[in-house]
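Only a predicted model underlies this, so the values are computations on that prediction, with no experimental measurement involved. We name chains A, B, ... by the order of the sequence lines, and we start the count at 1 in each one.
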Amino acid sequence: MRKSLGKRILVHCVLIVLGVAMVVPFLWMLSTSLKGYHEIFRYPPNWIPDRFQWSNYLKVWKLAPFGRFYLNSLFVGIVTTVGQVITGVLAAYAFARLEFKGRDRVFMLFLATLMVPTQVTLIPTYIVMSRIGWINSYQCLIVPFISTAFSVFLLRQFFLTIPPELEEAAIVDGCSKLRFIFTILMPLAKPAIASVALFGFLGSWNSYLWPLIVINSNDMRTLPIGLRYFVSQQGGGSEWHYLMAASLIVMLPVLLVFFFAQKQFIEGIARSGVKG
Amino acid sequence: MKRLLVLSLVVILFLSAIPTAFASKVTVPFWYAVGGNAGRVFQEMVDEFNATNPRVFVDAVYTGNYGDTAQKVTASIAANTLPAGGLIPAAPLFTGRNGNYLIDEYLHGPQGLDMDDFYDEFWNYNRYQGRIASLPFNNSTPVLFYNKDILKEAGLEPVAPETWDELVAMSIHLRDWAQQNRVRNFFPINMRNQDWMLKGFILQNGGELMNEDYSAALINEPAAVEALEFWVSLIDQNLMPAGVHDRAREQFIAGNLAFLFDSTAGVGSISQTVEFEMATAMLPGHKRRAVTLGGAGLTMFPSKPEVQDATWEFLTWLLSPENVVRWSSATGYVPVRKSALESEEIQNLFQEQPYYKAAFEQLEHVVSMEQFWELGALDEAIVNLISNIEYKALTPQQAADKLVKELAEEIKRNR
């Protein structure tokens, strides 16, 4: 069944416009990151810098301890993601399969926490952390985010689509609940887990306010705070060329993950669609 | 698995042993809210202090811009995890308001500073209910930047306007010149930090912002409303764009403005960036000359006596005349000490980079307010007022009345 030529042209026009809208900011970022400060606000704007200032990248790397920030961000991001997947799978399994009194009410309560904005819980969480003595530690960056209502919700919805007969059959064959979760349920739920992991990692990677507030020493800080070193108060004016170079450095791994994993994301969604 | 566990235990033990290496030193946790170039200069000064001072180690951490830092300090006050000192915005509100007048005590103690060497208005800016609660350090004032090339091209003398009337006359000439010559995207005037600039206009017109005891705003008095009307007249005559004040500096750098009202703290980066001939001048006056004051302050939070002493030592080191000179010439923040302004280095700086001269020499015209809790609300209200009058949602009188009423309600809620 081929679509008519007119229709295909129309679809492609829309796609091209959307594609350009997505790519232009990145190109602009790249261009700004290679400019000298005086070129940034030139009008009309120039896309190609007068002279390519590759040194901006080197400078950025030297001006703030980005290597260290990178390690911190990776460590915190990976641990948070793994934690979210583990707690999410277990909680979602309980909400989807186990029978206990008040299960759905507890689940609703859980979902309700999605409505509470982070700003509201910021200070209470901070006070809890400081009572435990965790201010200025990696735990403090990880533990409050190790379980989220969003991941539990997403996984539960997915688990509900898996036929209960599968579990019954496994149990008849002598499989324990935990073993069922890890060897059968999780591989089946790959697409949902991939989404949870992606959101978890991005959330942690982009998080700014919490790390800023709870971390007081430079060697435990994460990348978003590193970016702030180039933004300044009323006085100095932000150093946009450095800021853009640093932003590109920060975005690179996420972009790469998207680039290489997009096939799997799409496949996952397509496959789960076939099943459903 | 077990091996990994042992290994990580060893690492943790090793890490926790590091602080004992500094045990003989007093560590001063210190937060600062200046980023970009100024942040780097500050960190260099801290490093130098640490290198030359065997007994004290200042652990300085950048805490984001003023807004971020205020949030961090607020959370830390609630949880009691404050550092020993900091360079933080609205410092008196985080100290004096909580009954912390450590700065005042040290200032009047045996290791005090020569207070007469600082401008009175700077002390005023660091007071809470009459008592000093922080020290001036990174203060800035607004200054007039002007593009000499454009003035010459339009057939004007490349000198700065001294009064509002001269500013308007020159701007009208520039506007007409731009129209005739089809110069696109050009405006004669724009202002960055518009709330700060409007305060200056009110003061220049002989108005006041707040009453004596900071219990009511006076922005709806005739002298202040006249200043608002003047502001609107700039927009009406197409001398200033409505709304896009946060882009003012970029417009100036791109050569699309003749006059830029901006902070002295921008002198360094603007003068190094522009590709035309520029100069700076004192803000034009009207009934009088007046410039407002901005910036954060150095302050202290309660800690162990030896840490407090060490913090004070660091703060006074930062404020030594040589360091004030160094800080000002590297950043464009105004020198807070009279002896610094008179120093040879600063006078040489005026010779080499005349842009600093106007910025620093208007200090005698500085008008400042004490810190009061609703100051943030006032600034926000002024930003709203400006967009209301610029877009004709309200007349200047209406907008001023609204602001005064809203601030009165806010004050009533808090006191």
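Heavy atoms closer than 4.5 Å to chain A are found in both the backbone and the side chain of Ser76(B). Neither the backbone nor the side chain of Arg131(A) comes within contact range of chain B; no heavy atom of the residue lies under 4.5 Å from a heavy atom of that chain. Contacts between Ile215(A) and chain B at a heavy-atom distance below 4.5 Å involve the backbone alone (N, CA, C, O). For chain A, the nearby part of Glu275(B) is the side chain; its heavy atoms alone come within less than 4.5 Å. Looking at Ile123(A), only its side chain comes within 4.5 Å of chain B, counting heavy atoms on both sides. Ala75(B) touches chain A through backbone and side chain together, each having a heavy atom under 4.5 Å away. For a residue to count as touching a neighbouring chain, one of its non-hydrogen atoms must lie under 4.5 Å from one of that chain's; by this rule Ile135(A) touches chain B with the side chain only. Only the backbone of Val214(A) comes within contact range of chain B, with at least one heavy atom under 4.5 Å from a heavy atom of that chain. Residue Asp68(B) touches chain A through both its backbone and its side chain, counting heavy-atom pairs closer than 4.5 Å.
Residues Met191(B) and Leu260(B) form no side-chain contact, since every pair of their non-hydrogen atoms from C-beta on lies 4.5 Å or further apart. A 4.5 Å side-chain heavy-atom check between Leu114(A) and Leu111(A) finds at least one atom pair inside the cut-off. Contact of the Lys148(B) side chain with the Met278(B) side chain is not registered, since no non-hydrogen atoms from C-beta on lie closer than 4.5 Å. The shortest side-chain heavy-atom distance between Tyr242(A) and Leu63(A) falls under the 4.5 Å cut-off.
Of the listed residues (Gln71(B), Gln43(B), Lys72(B)), the greatest number of heavy-atom pairs within a distance under 4.5 Å of chain A belongs to Lys72(B). Highest contact tally toward chain A, considering only Ile270(B), Ile253(B), Thr264(B), Asn185(B), is held by Asn185(B) [criterion: heavy-atom pairs under 4.5 Å]. Counting heavy-atom pairs closer than 4.5 Å to chain B, the top-ranked of the candidates Asn218(A), Leu212(A), Asn136(A) is Leu212(A). Between chain A and the options Ala38(B), Gly39(B), Ala78(B), Pro29(B), heavy-atom pairs under 4.5 Å are most frequent for Ala78(B).
Under the ring pair (Phe, Tyr, Trp, His ring centres under 6.0 Å) criterion, Phe75(A) pairs with Tyr138(A), not counting sequence neighbours.
Cation-pi geometry between Lys35(A) and Trp54(A) is not met at under 6.0 angstrom from the ring centre and within 45 degrees of the axis.
Results of the side chain to side chain contact (heavy atoms under 4.5 Å, CB included) test with Phe145(B) over Phe252(B), Phe261(B), Tyr355(B) single out Phe252(B) as the only residue that passes.
Residue Asn80(B) qualifies as open at atom CG: its count of foreign heavy atoms under 6.0 Å is 12 or below. Heavy atoms of other residues, nucleotides or ligands lying less than 6.0 angstrom from OH of Tyr57(A) number more than 12.
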